[in-house]
Amino acid sequence: MLKAQQARSRATEERILAATETLLADLPFDELAVAGIASMAGVSVGGFYARFEGKNALLEALHSRYEDRRTARLEDAFALDRWIDRVTRERFRGVIAEIVDLMAEERHVLRTFLLRYWSTPEDASGAFADRLAGLYDAAAHILLLDRDLMRADDPEEATRAAIAVVMGACRDSLVMKPDSVPGHPRLSRDAFIDYLTAAALGVVGLHEPGVTT
């Protein structure tokens, strides 16, 4: 009986988190009402508060849910044996494509987290910083397979700079810029990845036959 109750409670919590993510596609987190979240999740307001003390606790759980999802995805995507036999440009482009697709698909929750941590940096835990560093480490490990081809004085530093360029471009173009805001025209996914690949190759000063950087 207890296990069944716990399973139902976890299922209810999952519905609340999923409903919140759905609503974030249309409204900032600060504008979400508990009643609206509960209604979309198919639970009572009391049922919401039985699982979350308030919206701050909900945001913490939402962040944890996202990071579990991201970790599982990138552990598979950045497994070294998937990249070892690829040619250089294909390797760079593939890693960048993984980052672009992740940030595009998770843009609504990522926007929420970024706005929170920019406005209240003290809320960013050491564990959050460590997990973000882990993303850089995994991507850098793959790109540094080509360190002998890089003209940069410090290939490791240049590789991390290249990843920062990619992450920054994704953050600005995919996560933080709403479709309704005028600005540069949106590129297709493939064109965006191609331009980021060229930029990353330029940052590391990568040289290979047939590639101009």
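The residues of the chain are indexed from 1 along the displayed sequence. Because only heavy atoms are used, hydrogens play no part in the values below, and waters and symmetry mates are left out as well, while side chains stay in.
Inter-residue side-chain proximity for L17 and L58 is flagged as met; some heavy-atom pair is nearer than 4.5 Å. Inter-residue side-chain proximity for C170 and L102 is flagged as unmet; no heavy-atom pair is nearer than 4.5 Å.
For R73, the salt bridge (Lys or Arg N to Asp or Glu O under 4.0 Å) partners at least two apart in sequence or on another chain are E105. With sequence neighbours left out, the salt bridge (Lys or Arg N to Asp or Glu O under 4.0 Å) criterion links R91 to D146. Applying the side-chain hydrogen bond (donor to acceptor under 3.5 Å, both in side chains) rule to E13 yields no partners; only residues at least two apart in sequence or on another chain are considered. Every side chain to side chain contact (heavy atoms under 4.5 Å, CB included) that R171 has, sequence neighbours left out, goes to M103, L114, W118, M176. Partners of D154 according to the side chain to side chain contact (heavy atoms under 4.5 Å, CB included) rule, which considers only residues two or more places apart in sequence or in another chain, are E156, E157. Among residues two or more places apart in sequence or in another chain, the salt bridge (Lys or Arg N to Asp or Glu O under 4.0 Å) test is passed with D76 by R82. Every residue meeting the side chain to side chain contact (heavy atoms under 4.5 Å, CB included) condition with V43, not counting sequence neighbours, appears here in chain and number order: T12, R15, I16, A38, A41. For E98, the salt bridge (Lys or Arg N to Asp or Glu O under 4.0 Å) test picks out no residue, with sequence neighbours left out. Scored by the side-chain hydrogen bond (donor to acceptor under 3.5 Å, both in side chains) test, D194 finds R93 as partners (sequence neighbours excluded).
The minimum heavy-atom distance between A162 and V204, with the atom names listed, is CB-CG1, 4.1 Å. Between S173 and F192 the shortest heavy-atom distance is CB-CZ, 4.1 Å. The two residues A140 and I163 have their closest heavy-atom pair at N-CD1, 3.5 Å. When all heavy atoms of L145 and L80 are compared, the closest pair comes out as CD1-CD1, 4.0 Å. Nearest heavy atom pair, residue K55 against residue F29, reads NZ-O, 2.8 Å. Heavy-atom minimum distance, G94 versus R86: CA-NH1, 4.2 Å.
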**Message:** Set out, in order, the CA-CA distance, both residues' side-chain angles and the distance that settles side chain to side chain contact (heavy atoms under 4.5 Å, CB included) for E21 and L62, then state yes or no.
**Reply:** CA-CA 8 Å; E21 288 195 10; L62 195 70; 3.5 Å; yes
**Request:** Test L59 against T20 for side chain to side chain contact (heavy atoms under 4.5 Å, CB included), laying out the working first.
**Result:** CA-CA 9 Å; L59 189 58; T20 304; over 6 Å; no
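The CZ atom of R147 sits 11.5 Å away from the CG atom of L149 when rounded to the nearest 0.5 Å. The line from OG1 of T159 to CG of L143 is 6.0 Å long, rounded to the nearest 0.5 Å. Note that CG of L174 is 10.0 Å distant from CZ of R111, once rounded to the nearest 0.5 Å. A distance of 8.5 Å separates CG in L201 from CE in M150, rounded to the nearest 0.5 Å. The CE atom of M40 sits 4.5 Å away from atom CG of L23, with the distance rounded to the nearest 0.5 Å. The line from CD1 of I84 to CD1 of I142 is 9.5 Å long, rounded to the nearest 0.5 Å.
Between F113 and Y66, the two ring planes are tilted [angle within 30° to 60°].
Listed by first and then second residue, the ring pair (Phe, Tyr, Trp, His ring centres under 6.0 Å) pairs involving residues 77-109 amount to none (not counting sequence neighbours). Sorted by first and then second residue, the side chain to side chain donor-acceptor pair (under 3.5 Å) pairs with a member in residues 24-35 form an empty list; sequence neighbours excluded. The stretch residues 40-62 participates, sequence neighbours left out, in these ring pair (Phe, Tyr, Trp, His ring centres under 6.0 Å) pairs: F48-F52.
The environment of CG in D68 is crowded: more than 12 heavy-atom neighbours from other residues, nucleotides or ligands sit within 6.0 Å.
Proximity of a side-chain donor or acceptor of S39 to a complementary backbone N or O of A35 within less than 3.5 Å is not detected.
A chain of hydrophobic side-chain contacts below 4.5 Å, direct or via other Ile, Leu, Val, Met, Phe, Trp or Tyr residues, connects L187 to I99. Cluster membership for V100 and L74, using ILVMFWY side-chain heavy atoms within less than 4.5 angstrom, is shared. Under the 4.5 Å side-chain heavy-atom criterion for Ile, Leu, Val, Met, Phe, Trp and Tyr, I96 and V203 are members of distinct hydrophobic clusters.
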